[in-house]
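Reminder, nothing fancy here: chain letters follow the sequence lines and each chain counts from 1.
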Number of protein chains: 2
Amino acid sequence: MIDNLFAQLPRSTVENGKNPEQFADLLQRPGLRIERIVSTGQCSPPDFWYDQAEGEWVAVLCGEAKLRFADETEPRHLRAGDFVDIAPHRRHRVDWTPPETVTVWLAVFYSASLATR
Amino acid sequence: MIDNLFAQLPRSTVENGKNPEQFADLLQRPGLRIERIVSTGQCSPPDFWYDQAEGEWVAVLCGEAKLRFADETEPRHLRAGDFVDIAPHRRHRVDWTPPETVTVWLAVFYSASLATR
């Protein structure tokens, strides 16, 4: 269990980019989960879309990424500090993360019952 | 409303340190609130303790701070990336933030009903 968001980061290499992204749960409560995601060049498989029952508030802490929503024509280019709230079942995918950089995401997943405004 | 965690940061000056910390809600849902807190030298008033009904998962994104729990003898020195989960009603205070640096906190407040393990 890490206690620092930037601890135990992998090196970003072409080899590493062939491995899966790294996921670490930082907090788990009923209806709430905080997760660190580390990307080193990975992206979602072709034609794959996340379709999550939970809401997800996600920030890029370092690095960058292109996040695509099925209901938008262009991906959003997220840079360090950018965040976005993804409503439950809003389909999205990661089009790109840079292979030469470590990208650290902080994601807060919350149950759809909390997503009601 | 900011859309980047590091947007619109104040300059850290002795003058600014006399002002209150800056708070910005990034997400609000029933039982869940994500907040950015910006400190520029502020600390909790003498003998003041936070005693919150909610749980609070909090990370220092940049800068540093000394966070003190009433049930611990020494403050914890948090640096960039460090995070801690504060249980509801666990009394705590901010002993110190550096006046020469901008400290950005990301806090996830969650209702005590979610805090049940």
Side-chain angles (χ1 to χ4, degrees), chain A residues 1-9 24-38 52-65 67 69 76-88 90 102-117, chain B residues 1-9 24-38 52-65 67 69 76-88 90 102-117:
Chain A
M1 177 71 173
I2 58 170
D3 59 1
N4 184 287
L5 294 167
F6 307 114
Q8 298 176 25
L9 294 179
D25 283 340
L26 309 182
L27 185 80
Q28 271 194 302
R29 295 290 180 270
L32 177 67
R33 185 164 49 89
I34 302 178
E35 185 176 87
R36 183 184 78 167
I37 306 165
V38 179
Q52 301 167 162
E54 305 161 298
E56 178 185 356
W57 182 93
V58 65
V60 170
L61 299 184
C62 65
E64 52 184 316
L67 179 68
F69 288 99
R76 301 190 190 191
H77 193 157
L78 304 179
R79 297 175 176 86
D82 287 339
F83 60 85
V84 60
D85 181 50
I86 305 173
R90 187 176 183 195
V102 173
T103 297
V104 176
W105 309 75
L106 183 71
V108 179
F109 295 93
Y110 54 95
S111 73
S113 63
L114 298 184
T116 312
R117 285 166 188 269
Chain B
M1 177 71 173
I2 58 170
D3 60 0
N4 184 287
L5 295 167
F6 307 114
Q8 298 176 25
L9 294 179
D25 282 341
L26 309 182
L27 185 81
Q28 271 194 301
R29 295 290 181 270
L32 176 68
R33 184 164 50 87
I34 302 178
E35 187 176 87
R36 183 184 80 168
I37 306 165
V38 179
Q52 301 167 164
E54 304 162 297
E56 179 185 354
W57 181 93
V58 65
V60 170
L61 298 184
C62 64
E64 52 184 316
L67 179 68
F69 289 99
R76 301 188 189 192
H77 194 157
L78 304 178
R79 297 176 175 86
D82 287 338
F83 60 84
V84 61
D85 181 49
I86 305 173
R90 188 176 183 193
V102 173
T103 297
V104 177
W105 309 74
L106 183 70
V108 179
F109 295 92
Y110 54 96
S111 74
S113 63
L114 298 185
T116 312
R117 285 168 188 267

Q: Under the side-chain hydrogen bond (donor to acceptor under 3.5 Å, both in side chains) rule, collect the residues that match up with B/Glu54, sequence neighbours excluded.
A: none

Q | Any side-chain heavy-atom pair of B/Leu26 and A/Asp85 under 4.5 Å | A | no

Q.
Do B/Val108 and A/Trp57 have side chains that approach each other closer than 4.5 Å (heavy atoms only, starting at C-beta)?
A.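 Answer no - side chains too far apart.
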
Q | Option in B/Leu32, B/Val104, B/Leu106, B/Ile34 with maximal non-hydrogen atom pairs under 4.5 Å from chain A | A |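 Among B/Leu32, B/Val104, B/Leu106, B/Ile34, the one with the most close pairs to chain A is B/Ile34.
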
Q.
Can you tell me which of B/Val60, B/Leu5, B/Asn4, B/Ile2 forms the most heavy-atom pairs within a distance under 4.5 Å of chain A?
A. B/Asn4

Q) Residues two or more places apart in sequence or in another chain: which of them pass side chain to side chain contact (heavy atoms under 4.5 Å, CB included) with B/Glu35? A) B/Phe23, B/Asp25, B/Arg33, B/Ile37, B/Phe109

Q. How would you list, by chain and number, every residue that makes a side chain to side chain contact (heavy atoms under 4.5 Å, CB included) with A/Asp3, sequence neighbours excluded?
A. none

Q.
Does anything in residues 76-83 of chain B reach chain A? List residues with heavy atoms under 4.5 Å apart, or say none.
A. B/Arg79, B/Ala80, B/Gly81, B/Asp82, B/Phe83

